[in-house]
S.K.: 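One structure is given below, represented as structure tokens, and several questions about it will come after.
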Amino acid sequence: MKKIYYYVLASLMLASGSCSDFLDTFPKDALSPATTWATEDDAEKFLTGCYNSWLWGEEFFYLECASDFGFSYHTHEGFRVIADGTLTAGNAGHSFYDFNPIRRCLTFLENIDNVPFSNEADRKDMIAQVKIIRAYEYFKMNWLYGGVPIIASFKDALEAQVPRNTEAEVKDYIYKDIDEAVADIKDAPAAAGYIAKGAALALKMRSAIFYGDYQRALDAAKAIKTLNQYELEPNYADIFTLAGRGSKEIILSQQHLKTVSNEWIVTIPNNADGGWSSMVPSQNLIDAYEMSNGKTKDEAGSGYDPSHPFNNRDPRMAMTVLYPGQDWASGYNGILNTLDETLPNGNKNSNYPTAADNASKTALTWSKFLAPIEQYNNDFYDTETQYIVYRYAEVLLTLAEASNELNGPSEEVYEALDAIRLRAGMPAVDRTRYATKESLRELIRRERSIEMAGEGLRRADILRWKDASGKMIAETVLNGPHNRIVGSVNYEEQNPYSRATVAGVEKIEDRKFSPHNRYLPIPQTAIDKNPQLKQNDGY
């Protein structure tokens, strides 16, 4: 199982040993097929080089900051301008426009046939893994920017200076890579972190649901179920802990090992815990959770009390978000306080939203991957945190959404939703209330939003989901003031969910979303390097 970690180290050493030519110039200038691509072990090392370039675990949380469910205060991180609509070609925010992973994949695919394999199925499996990595990267750019160039070779700079393909052409290219990979890839991975059939089908499923190809998404979700390799973890919170890294719910996660390829999570914790609060959840996410009785907070008989908004909510709220008033080891008297500027002992509260740049501006912090905080032994830099790329709950949610869009309500849809809700301690779906395609669509969207909160899907969902008039949901939820709650924490209250008393809201920033913001601007630096690129409309 440690094999992949050693290959990560080997690939990093190889890259540094060639004066970073592998990363900074065209691969053919640095790699000689005659001397490098000679054995299966060589192929394995460069396969790991492809893995090492394609995922940035914190990206999933940062993507939530580009939605209504998150906030990123630090402007240099590049997500605030995406969320507030002030992005331009010259200030495009964080850039996802990156062909380096694709270049590595092309180098692998150009040379893999030079390597003798004792088992041809192993070669096909490696090729399939690389095609999934390439498809993932094209899919991310195609979704965020629209059509991008399909580059067939990086032998010289001019070959990479090509016009953008259309979004449809890139989508077809992605689908072709995925379908070819699914046909050749092995059912089970060689070790944790490698792509196998389940992960390949998960990319097929996710890309299809994003593009609105519901039958393709449904077929992929059912194919994953048929593998019989995955199941829901009994305890929702356990999936996101170090102890839960081997959960059968995880289809693919990004692997890390201390001293070899570690991960830091210092961007998640709040100021008093030594964190940076780089990406934090918003009160909009809290508002999306149902009450524990299955009613929405605005529904008659829900029991919602706006002065105590954390009380009697879906249990996943407390397993996803650190909220003011909860029991927390580093808090004053063991209680987390992000609402009072001054603590009862007279000291300034370092977690008060305006106390420091590293204090959460929403008064909230992600619990996912952070709690329990003791698991990190006060070290947020050298960790083995494994951010999840795909998990089985997304399969069930995609099955429910695609099936409902194609055929309307069915027991298949209800059972998929019930499995997720009952696991969390929520009541089963009310078949009478959610008896139409439209009402069930509302529930499916809400269920997906809170089940997958913090996992990088929210912005894409509010871009692809439309309201009754055909407008993107983003046009509603990303327009207007972005607020945080204000109030105080009662240390005498025994119920942690009722300790925070909310008096109102305070504006963090104004946000604006126009239809042209569906796509991000192509960074001006990319256009400078490739004059054939045409900028997206509106920028």
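Note that the coordinates shown come from a computational prediction; the quantities given were computed from them, not determined experimentally.
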S.K.: With a 6.0 Å cut-off (strictly less than), is the heavy-atom count around CG of Asp537, excluding the residue itself, greater than 12?
M.R.: no
S.K.: Is there a side-chain hydrogen bond (donor to acceptor under 3.5 Å, both in side chains) between Ser403 and Glu412? Walk through the geometry before answering.
M.R.: CA-CA 8 Å; Ser403 183; Glu412 176 182 58; 3.0 Å; yes
S.K.: Do Asn495 and Asn311 meet the criterion of a side-chain donor-acceptor pair at a distance under 3.5 Å?
M.R.: yes
S.K.: Could you tell me if Tyr73 and Asp357 have a donor-acceptor pair between their side chains, going purely by distance under 3.5 Å?
M.R.: yes
S.K.: When you measure from the side chain of Ser360 to the backbone of Leu364, do you find a donor-acceptor pair of N or O atoms at a distance under 3.5 Å?
M.R.: yes
S.K.: What I'd like to find out is whether the side chain of Ile388 reaches to under 4.5 Å of the side chain of Ile239, using heavy atoms alone.
M.R.: yes
S.K.: Taking Arg421 first and then Glu290, would you say they form a salt bridge - that is, a charged N and a carboxylate O separated by under 4.0 Å?
M.R.: yes
S.K.: Is a side-chain N or O of Arg464 found less than 3.5 angstrom from the main chain of Phe210, in a donor-acceptor match?
M.R.: no
S.K.: Between Glu77 and Ser278, is the side-chain hydrogen bond (donor to acceptor under 3.5 Å, both in side chains) condition met? List the steps.
M.R.: CA-CA 8 Å; Glu77 293 173 332; Ser278 292; 2.9 Å; yes
S.K.: I'd like to know if Asp418 pairs up with Arg431 as an ion pair, taking the criterion as any Lys NZ or Arg NE/NH1/NH2 lying under 4.0 Å from an Asp or Glu carboxylate oxygen.
M.R.: yes
S.K.: Does the Lys NZ or Arg CZ of Arg313 fall within the cation-pi geometry relative to Tyr289 - under 6.0 Å from the ring centre and within 45° of the axis?
M.R.: no
S.K.: For Gln254 and Gln386, run side-chain hydrogen bond (donor to acceptor under 3.5 Å, both in side chains): C-alpha distance rounded to whole Å, both residues' side-chain angles, the deciding distance at 0.1 Å, then the answer.
M.R.: CA-CA 5 Å; Gln254 188 185 35; Gln386 296 177 9; over 6 Å; no
S.K.: Against the six-membered ring of Phe71, is Lys361 placed for a cation-pi contact (under 6.0 Å from the centre, within 45° of the normal)?
M.R.: no
S.K.: Answer yes when Asp68 and Arg511 have at least one side-chain N-carboxylate O distance shorter than 4.0 Å, and no when they do not.
M.R.: no
S.K.: Salt-bridged, Arg316 to Glu451, with N to O below 4.0 Å?
M.R.: yes
S.K.: Around atom CG of Asn378, are there more than 12 heavy atoms from other residues, nucleotides or ligands closer than 6.0 Å?
M.R.: no
S.K.: Distance alone, cut at 3.5 Å: any donor-acceptor contact between the side chains of Glu64 and Trp366?
M.R.: no
S.K.: Step by step, work out the salt bridge (Lys or Arg N to Asp or Glu O under 4.0 Å) result for Asp84 and Lys512.
M.R.: CA-CA 5 Å; Asp84 68 17; Lys512 182 179 180 181; over 6 Å; no
S.K.: Given 3.5 Å as the limit, does a donor-acceptor pair link the side chain of Asn351 with the main chain of Ala272, or not?
M.R.: yes
S.K.: Within a strict 4.5 Å, meaning less than it, do heavy atoms of the Lys140 and Asp98 side chains meet?
M.R.: no
S.K.: Could you check Arg445, Arg448, Arg206, Lys466 and say which one makes a salt bridge (charged side-chain N to carboxylate O under 4.0 Å, His left out) with Asp461?
M.R.: Arg448
S.K.: Any chance you could lay out the side-chain hydrogen bond (donor to acceptor under 3.5 Å, both in side chains) test for Tyr519 and Glu167, step after step, and finish with the verdict?
M.R.: CA-CA 11 Å; Tyr519 299 105; Glu167 187 172 359; 2.5 Å; yes
S.K.: Is it the case that Arg518 places NZ or CZ above or below the six-membered ring of Trp143, under 6.0 angstrom from the centre and within 45 degrees of the axis?
M.R.: yes
S.K.: Any pair with a residue in residues 268-285 that passes salt bridge (Lys or Arg N to Asp or Glu O under 4.0 Å), sequence neighbours left out, goes on the list, sorted by first then second residue, please.
M.R.: none
S.K.: Do Glu233 and Lys248 meet the salt-bridge criterion of a basic N to acidic O distance under 4.0 Å?
M.R.: no
S.K.: State, to 0.1 Å, how close Tyr62 and Thr267 come at their nearest heavy-atom pair, and which atoms those are.
M.R.: OH-CG2, 3.8 Å
S.K.: Do NZ/NE/NH1/NH2 and the carboxylate oxygens of Glu299 and Arg433 come within less than 4.0 Å?
M.R.: yes
S.K.: May I ask you to say whether Arg80 pairs ionically with Glu509, meaning some side-chain N is under 4.0 Å from a carboxylate O?
M.R.: yes
S.K.: Do the charged groups of Arg441 and Glu401 touch, with an N to O distance under 4.0 Å?
M.R.: no
